[in-house]
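Single-structure report; data block below.
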Protein chains: 2
Amino acid sequence: MGTTKTHIFSNRHNELARIAKVMAHPARVAILEYISRQENCICTDLVEEIGLAQPTISQHLNEIKKIGLLDGTFEGKNLCYCINQKRWAEVQNLISSFFLNINQNCC
Amino acid sequence: MGTTKTHIFSNRHNELARIAKVMAHPARVAILEYISRQENCICTDLVEEIGLAQPTISQHLNEIKKIGLLDGTFEGKNLCYCINQKRWAEVQNLISSFFLNINQNCC
DNA sequence: TATTATAATCGTAATATTGCAATATTAAAT
DNA sequence: ATTTAATATTGCAATATTACGATTATAATA
């Protein structure tokens, strides 16, 4: 018990949920927004910008990476993060079509 | 520890996360979709449709209600659920503007 | 009023998430 | 080769989520 029964749901529903889960934390929403605002793809000071400990930020970044929304080299000094535009568009599409679909058919 | 530090984030970020959290489970995605497809607002057989126990479905419905996405009388026999169209549009708007905002400014 | 059909609530076990201190890793700079 | 500045990983405590059996509440109907 305690585990989501993913096997009883469709791939689409599971993927939508997986994506939503990444956005289901204010830190990750803030991180995405902050990275997107950087002109030249360098986002070093996320820790002080967000106000959580460095390991926590790293953990959140990892969750975002998992669904393919971040590009960049993830090792060493002076990291470089970027939104993966293609994946972003995919995700955006998935979510907005979900919303459109429901809006039209409801009673 | 273990609790999200909501106080260090903006209202907007917190609300986006709160909404995303509701969609962060395949059952709730499926429930929203199922309810929206019913013509006349009667959605009695969610339990067998989704394949989770009745208390579990009830719990998930409650999560959806919490962010105002469901209308209807929630007591007794022959329940009647409906998507709250106004709230739905609000939520749709919030999310899509988040996506648009990011898409434009990223490096 | 007793029965029935339905949904909500309670209690609880299993698992997942959040957050951070301590430590390790990485690569540039000295 | 050391130091330094940055991020990643590990381990763990606190809390949240998921799921369901048992029970309770609700309202229509017999």
Side-chain angles (χ1 to χ4, degrees), chain A residues 1-9 13-14 17-31 34-35 38 40-67 70-82, chain B residues 1-9 13-14 16-31 34-35 38 41-67 70-82:
Chain A
M1 239 185 282
T3 327
T4 298
K5 289 184 158 182
T6 47
H7 60 282
I8 69 173
F9 301 105
H13 288 168
N14 279 319
R18 209 165 78 93
I19 288 166
K21 196 176 263 181
V22 170
M23 299 181 56
H25 194 293
R28 293 192 288 264
V29 174
I31 287 171
Y34 182 76
I35 292 182
Q38 301 306 103
N40 39 5
C41 205
I42 294 165
C43 322
T44 301
D45 37 13
L46 266 176
V47 171
E48 60 178 88
E49 177 67 24
I50 306 285
L52 289 171
Q54 179 268 319
T56 311
I57 296 292
S58 190
Q59 215 169 240
H60 282 306
L61 282 168
N62 208 251
E63 295 303 310
I64 303 175
K65 281 182 225 163
K66 273 186 194 162
I67 60 162
L70 287 184
D71 268 349
T73 16
F74 301 118
E75 303 156 17
K77 208 179 151 188
N78 281 75
L79 257 231
C80 169
Y81 291 118
C82 237
Chain B
M1 241 186 280
T3 329
T4 298
K5 289 183 155 183
T6 48
H7 60 283
I8 69 173
F9 301 104
H13 288 168
N14 279 320
L16 268 167
R18 212 164 77 93
I19 288 166
K21 197 176 261 182
V22 171
M23 296 182 57
H25 195 293
R28 293 192 288 265
V29 175
I31 287 171
Y34 183 78
I35 292 180
Q38 302 305 105
C41 205
I42 294 164
C43 323
T44 302
D45 38 11
L46 265 176
V47 172
E48 59 179 88
E49 176 69 21
I50 305 284
L52 290 171
Q54 180 267 320
T56 310
I57 296 291
S58 191
Q59 216 168 241
H60 282 306
L61 281 168
N62 208 252
E63 295 303 311
I64 304 174
K65 279 183 227 164
K66 272 185 195 163
I67 60 162
L70 288 183
D71 268 348
T73 16
F74 301 118
E75 303 156 16
K77 204 178 153 189
N78 283 73
L79 256 232
C80 171
Y81 291 116
C82 238

### Query
Given that A:Gly2 and A:Gly51 both sit by DNA chain C, which one's nearest nucleotide is further toward the 5' end?
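The residue whose closest nucleotide sits nearer the 5' end is A:Gly2.
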### Query
Does the side chain of B:Phe9 come within less than 4.5 Å of B:Leu16's, by heavy atoms?
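No, side chains not in contact.
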#### Entry: pair A:Leu70-A:Ile35: side-chain heavy atoms closer than 4.5 Å
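A:Leu70 vs A:Ile35: side chains touch.
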Please give, in whole Å, the distance from [N] [atom2] to [X] [atom1]?
| X | N | atom1 | atom2 | value |
| --- | --- | --- | --- | --- |
| B:Ile64 | C:dA7 | CD1 | P | 14 Å |
| B:Ile57 | D:dG21 | CD1 | P | 13 Å |
| A:Leu61 | D:dA6 | CG | P | 16 Å |
| B:Leu46 | C:dA8 | CG | C1' | 14 Å |
| B:Gln59 | C:dT12 | CD | C1' | 12 Å |
| B:Ile50 | D:dA19 | CD1 | C1' | 14 Å |
| B:Leu70 | C:dA8 | CG | C1' | 15 Å |
| A:Glu48 | D:dA6 | CD | P | 10 Å |

### Task
Pick base, sugar-phosphate or nothing for A:Thr3, based on heavy-atom distances below 4.0 Å to the nucleic acid.
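Answer is sugar-phosphate: A:Thr3 comes under 4.0 Å of backbone atoms only.
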### Task
Name the nucleic acid region contacted by B:Leu52, choosing base, sugar-phosphate or nothing; use a 4.0 angstrom heavy-atom cut-off, strictly under.
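Sugar-phosphate: the residue B:Leu52, judged by heavy atoms under 4.0 Å, touches backbone atoms but no base.
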### Query
Between atom CD1 of A:Ile31 and atom OH of A:Tyr81, what is the distance when rounded to the nearest 0.5 Å?
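Reported value, rounded in 0.5 Å steps: 9.0 Å.
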### Message
To the closest 0.5 Å, what do you measure between CE (B:Met23) and NZ (A:Lys21)?
### Response
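It is 13.5 Å, given to the nearest 0.5 Å.
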### Query
How far apart are the closest heavy atoms of A:Ala24 and B:Ala24, and which atoms are they?
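Result for this residue pair: CB-CB, 4.3 Å.
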Check the phosphate of [N] against [X], side-chain N and O only, distance under 4.0 Å to OP1 or OP2. Yes or no?
| X | N | result |
| --- | --- | --- |
| A:Lys5 | D:dT17 | no |
| B:Thr56 | D:dT18 | no |
| B:His60 | D:dA19 | yes |
| A:Ser58 | D:dA8 | yes |

### Query
For residues 18-31 of chain B, which residues have at least one heavy atom under 4.0 Å from DNA chain C?
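Here the set is empty: none.
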### Sequence-distant partners of B:Thr6, side-chain contact (heavy atoms from CB on, under 4.5 Å), two or more places apart
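B:Thr6 satisfies side-chain contact (heavy atoms from CB on, under 4.5 Å) with B:Thr4, B:Asn14 once adjacent residues are dropped.
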### Query
Looking at D:dA16, C:dA8, D:dA19, which one has an atom nearest to any side-chain atom of B:Gln54?
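Nearest nucleotide to the side chain: C:dA8.
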### Query
Between D:dG11, D:dT9, C:dT9, which nucleotide gets closest to the side-chain atoms of A:Asn62?
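Selected nucleotide (nearest to the side chain): D:dT9.
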### Task
Could you pick out which residue, A:Pro55 or A:Thr6, lies toward the 5' side of DNA chain D when each is mapped onto its nearest nucleotide?
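In this pair, the answer is A:Pro55.
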Could you give the side-chain donor-acceptor pairs of residues 49-63 of chain B under 3.5 Å, partners two or more places apart or in another chain?
unit_1  : atom_1 : unit_2  : atom_2 : d
B:His60 : ND1    : B:Arg28 : NH1    : 3.0
B:Glu63 : OE2    : B:Lys66 : NZ     : 3.3

